Amino acid sequence: VLNGFLVSCCKIPPFVATMGTQYLAQGIGYIVVSGRDKLKKINDLYCEIFRELPKDDPAYPYVEHTVWLQEHYGHDALFYNAQHLILAVSDKDFSRGSKNAQFSLTFISLLAPSLGLGTCWIGLLEFLICHEAYRDRFASLIDIPADKKVCGCMITGYPAVHFRRLVERAPLQVEWR
């Protein structure tokens, strides 16, 4: 199911993948990194870059917490043992890449549960993989073409927890005018 889902997501028609955008321009492709060994290498690079990250960088407190959890508790606080990382990529000069990636990855996250799969945005990786100073190091490790940039990151796999009902939430506040 999982591999078929990933292939299906990569074949999403351009108009569906970017529904809601003004121009319905495709501009988004995917790189799927599969396997725990590959994701461990990405995670190792993430931790290595953290050690070089200036403390005044806006991403520092978020990245620091993730690395701290991994070093002190020994669990994967970046990928949560997922098997697949989906990177939404666009041409480097495509101005709507990030916005279109958000629509596209949201579509994937809404489709996945219908197949029994889970997804999770990995914004913590986005902090560094999209950062101009570190982008090339990730590109080299993952083999991202030089004319492309990563616009969004999401993991997917079989969820460890299955909810039989929705989790309790505060009542929705709606006012009709």
Side-chain angles (χ1 to χ4, degrees), residues 1-2 4-6 8-10 12-25 27-28 30-34 36 39 42-43 46-47 49-50 53 55-90 95-131 149-177:
V1 171
L2 187 55
F5 167 72
L6 294 172
S8 296
C9 288
C10 293
I12 295 171
F15 62 88
V16 174
T18 55
M19 271 191 183
T21 60
Q22 181 178 0
Y23 302 102
L24 295 179
I28 297 295
Y30 303 103
I31 294 174
V32 180
V33 181
S34 295
R36 290 294 312 140
L39 295 184
I42 295 169
N43 197 339
Y46 179 88
C47 293
I49 289 172
F50 162 72
L53 198 62
K55 290 191 179 204
D56 63 344
D57 189 295
Y60 187 89
Y62 304 104
V63 176
E64 176 186 38
H65 184 68
T66 304
V67 172
W68 185 88
L69 286 172
Q70 294 184 133
E71 290 175 347
H72 287 84
Y73 294 105
H75 72 276
D76 180 1
L78 185 60
F79 297 121
Y80 299 96
N81 297 319
Q83 294 291 321
H84 304 280
L85 170 64
I86 302 172
L87 301 173
V89 297
S90 73
S95 63
R96 294 183 306 275
S98 293
K99 185 61 80 178
N100 284 6
Q102 290 171 358
F103 283 109
S104 178
L105 290 173
T106 297
F107 184 83
I108 290 171
S109 71
L110 293 171
L111 177 64
S114 69
L115 301 170
L117 300 170
T119 61
C120 183
W121 289 86
I122 305 299
L124 292 168
L125 178 61
E126 275 183 51
F127 279 134
L128 297 184
I129 202 168
C130 298
H131 196 293
K149 66 180 177 182
V150 175
C151 300
C153 308
M154 178 177 280
I155 53 173
T156 187
Y158 294 103
V161 176
H162 296 277
F163 293 102
R164 304 244 182 256
R165 59 183 170 79
L166 293 175
V167 294
E168 290 185 28
R169 305 266 186 213
L172 179 63
Q173 301 295 317
V174 178
E175 294 182 27
W176 296 92
R177 311 234 177 204

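Treat the numbers as computed from the prediction; the structure is a model and nothing was measured. All residue numbers in this chain count up from 1 along the given sequence.
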Over all atoms of both residues, closest heavy-atom pair of [X] and [Y]:
X      : Y      : answer
Ala88  : Ile28  : CB-CG2, 4.1 Å
Ser109 : Met154 : CB-CE, 3.7 Å
Ile122 : Leu78  : CD1-O, 3.4 Å
Cys153 : Ile129 : SG-CG2, 3.8 Å

Would you mind reporting whether Lys149 and Cys130 have side-chain heavy atoms less than 4.5 Å apart?
no
Do Trp121 and Ile155 have side chains that get closer than 4.5 Å, going by heavy atoms?
no
Is the backbone of [Y] close enough, under 3.5 Å, to the side chain of [X] for a donor and an acceptor to pair up by distance?
X      : Y      : result
Ser104 : Asn100 : no
Arg36  : Gln83  : no
Gln70  : Asp76  : no

Establish, from distance only, whether the side-chain atoms of His84 and Thr156 form a donor-acceptor pair under 3.5 Å.
no
Examine the side chains of Asp57 and His131 and answer whether a donor and an acceptor come within less than 3.5 Å of each other.
yes
Quick check for you: to the nearest 0.5 Å, what is the distance between Ile86 atom CD1 and Leu105 atom CG?
7.0 Å
More than 12 foreign heavy atoms under 6.0 Å from OH of Tyr60: is that the case here?
yes
If the plane angle is over 60° it's perpendicular, under 30° parallel, otherwise tilted; pick one for Tyr73 and Trp68.
perpendicular
